[in-house]
Asker: 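Quick one: the structure is below, questions incoming.
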Amino acid sequence: MPMPQPASSAIVRRGDRVLLVRRINPPSQDMFAFPGGRGEPGETPDVTALRELEEETGIIARHPQLFATYDLPSHDADGHLTSHFFLSVYTVEADAEAAVLAADDAADAGWYTLEEIRSLPAPDSVVECAERLLGQLQC
């Protein structure tokens, strides 16, 4: 089995909402996820998260903090491995007035509450991170 490819994503939070993009490309095509993508050769996971966030949304962020990691193999209907990523998820800081512009492989971008995220087509990892981060606000 090949080694997983490195990937990173960034969580930008505004109050009780987080930024999600709707993916154009596989994996997770047409699903809502945190901005992110594959690492480039020689790039550290935190730098990948910041770069992908800027490419997909136009937001320039800072101070990435590792929040979660996931081993994410994907298989086709016959059980053959189609992709395998090791995902590092970072919380980041961004200016509150930063405008969001869906670009690169993001079809749409928007701010979503935990309740909204639970009803969207989203990877389990995204729902889990949102529950960990935003669930505290509902206590």
Side-chain angles (χ1 to χ4, degrees):
M1 184 195 264
M3 292 290 294
Q5 296 178 357
S8 298
S9 60
I11 300 174
V12 182
R13 180 175 168 180
R14 286 191 180 161
D16 67 343
R17 296 176 179 272
V18 291
L19 178 62
L20 298 180
V21 297
R22 187 170 54 85
R23 298 248 159 254
I24 293 173
N25 301 314
S28 303
Q29 184 174 8
D30 292 324
M31 296 183 84
F32 288 82
F34 302 117
R38 294 182 173 104
E40 294 181 353
E43 191 174 55
T44 60
D46 58 333
V47 170
T48 299
L50 295 174
R51 176 184 53 76
E52 287 285 343
L53 173 65
E54 184 176 358
E55 287 176 2
E56 293 183 1
T57 68
I59 292 180
I60 298 172
R62 59 199 171 277
H63 306 300
Q65 297 292 315
L66 186 62
F67 186 73
T69 58
Y70 295 92
D71 186 16
L72 301 172
S74 295
H75 299 87
D76 63 18
D78 295 327
H80 298 103
L81 186 67
T82 56
S83 68
H84 190 181
F85 293 97
F86 184 79
L87 177 66
S88 300
V89 181
Y90 290 84
T91 56
V92 300
E93 295 175 15
D95 294 336
E97 65 277 355
V100 178
L101 185 57
D104 198 31
D105 66 346
D108 299 305
W111 300 94
Y112 297 90
T113 65
L114 179 56
E115 185 177 323
E116 291 167 334
I117 292 167
R118 288 177 174 150
S119 68
L120 292 172
D124 292 341
S125 60
V126 170
V127 176
E128 180 182 297
C129 284
E131 287 177 342
R132 281 181 49 205
L133 191 65
L134 299 175
Q136 311 159 22
L137 299 175
Q138 297 180 349
C139 298

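The chain is numbered in sequence order, starting from 1.
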Asker: Give me the atom names and distance for the closest heavy-atom approach of Phe67 to Arg132.
Answerer: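 Of all heavy-atom pairs spanning Phe67 and Arg132, the closest is O-NH2, 3.2 Å.
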Asker: Taking side-chain hydrogen bond (donor to acceptor under 3.5 Å, both in side chains) as the test, write out the residues that go with Asp30, two or more places apart.
Answerer: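 With sequence neighbours excluded, Asp30 shows a side-chain hydrogen bond (donor to acceptor under 3.5 Å, both in side chains) to Arg22, given in chain and number order.
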Asker: Identify the two heavy atoms, one from Thr48 and one from Gly37, that lie closest to each other, and give their separation to 0.1 Å.
Answerer: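 Between these two residues, the closest heavy atoms are CG2-O, 3.6 Å.
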Asker: Taking all heavy atoms of Asp46 and all of Pro64, pick out the closest pair and write down the distance.
Answerer: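 Closest approach of Asp46 to Pro64, heavy atoms only: CB-CG, 3.8 Å.
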Asker: Donor-acceptor pair, distance only, cut-off 3.5 Å: does the side chain of Arg13 make one with the backbone of Gly15?
Answerer: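 Checked: pair present.
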Asker: Taking atom CG of Asp95 as the centre, report whether more than 12 heavy atoms of other residues, nucleotides or ligands fall under 6.0 Å from it.
Answerer: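 Check passes, neighbour count above 12.
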Asker: Quick test of your reading: applying salt bridge (Lys or Arg N to Asp or Glu O under 4.0 Å), list the pairs with at least one residue in residues 67-86, sequence neighbours left out, ordered by first then second residue.
Answerer: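 Listed by first then second residue: nothing to list.
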Asker: Under the side-chain contact (heavy atoms from CB on, under 4.5 Å) rule, what do Phe32 and Ile117 come out as? Steps first, then yes or no, please.
Answerer: CA-CA 8 Å; Phe32 288 82; Ile117 292 167; over 6 Å; no
Asker: Counting C-beta onward and ignoring hydrogens, is there a side-chain heavy-atom pair between Ser8 and Glu52 closer than 4.5 Å?
Answerer: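 Side chain of Ser8 against side chain of Glu52, heavy atoms only: no contact under 4.5 Å found.
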Asker: Side chain of Glu56, backbone of Ala103: donor and acceptor closer than 3.5 Å?
Answerer: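 Looks like no, no N/O pair under 3.5 Å.
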Asker: Run the numbers on Val126 and Leu120 for side-chain contact (heavy atoms from CB on, under 4.5 Å), then give the verdict.
Answerer: CA-CA 10 Å; Val126 170; Leu120 292 172; over 6 Å; no
Asker: Quick one: does Thr82's side chain have a donor or acceptor within less than 3.5 Å of a partner on Ser74's backbone?
Answerer: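 Yes, Thr82 side chain to Ser74 backbone: donor-acceptor pair under 3.5 Å.
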Asker: May I ask you to test the Tyr70-Cys129 pair for a side-chain heavy-atom distance under 4.5 Å?
Answerer: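 Of all side-chain heavy-atom pairs linking Cys129 with Tyr70, at least one is under 4.5 Å.
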Asker: Where is the tightest heavy-atom contact between Leu53 and Ala61, given as atom of each residue plus distance?
Answerer: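 Here Leu53 and Ala61 meet closest at CD2-CB, 3.5 Å.
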Asker: Go through the steps to decide whether Asp104 and Val21 satisfy the test side-chain contact (heavy atoms from CB on, under 4.5 Å), and finish with yes or no.
Answerer: CA-CA 11 Å; Asp104 198 31; Val21 297; over 6 Å; no
Asker: Has Ser119 got a side-chain atom pairing as donor or acceptor with Glu116's backbone, closer than 3.5 angstrom?
Answerer: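 Side chain of Ser119 to backbone of Glu116: a pair is present.
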Asker: Quick one: list whatever passes salt bridge (Lys or Arg N to Asp or Glu O under 4.0 Å) with Asp105, sequence neighbours left out.
Answerer: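 Arg23.
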Asker: Mind listing the closest non-hydrogen atom pair of Ala49 and Ala10 along with its distance?
Answerer: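 Taking every non-hydrogen atom into account, O-CB, 3.9 Å.
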Asker: Does the pair Val100 and Ile59 meet the rule for a side-chain contact (heavy atoms from CB on, under 4.5 Å), with working shown?
Answerer: CA-CA 6 Å; Val100 178; Ile59 292 180; 3.6 Å; yes
Asker: Is any side-chain heavy atom of Arg118 closer than 4.5 Å to one of Glu131?
Answerer: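 Side-chain contact under 4.5 Å: yes.
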Asker: Does Glu43 offer a backbone N or O that forms a donor-acceptor pair with the side chain of Arg51 under 3.5 Å?
Answerer: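 Looks like no, no N/O pair under 3.5 Å.
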Asker: Between CG of Leu50 and CD1 of Ile60, what distance do you get to the nearest 0.5 Å?
Answerer: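 Going from CG on Leu50 over to CD1 on Ile60, the span is 10.0 Å.
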Asker: Taking the side chain as every heavy atom from C-beta outward, state whether Tyr90 and Pro45 have any atom pair closer than 4.5 Å.
Answerer: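 Answer yes - side chains close enough.
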Asker: Could you give the distance from CG (Leu72) to CZ (Phe85), rounded to the nearest 0.5 Å?
Answerer: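 It comes to 9.0 Å.
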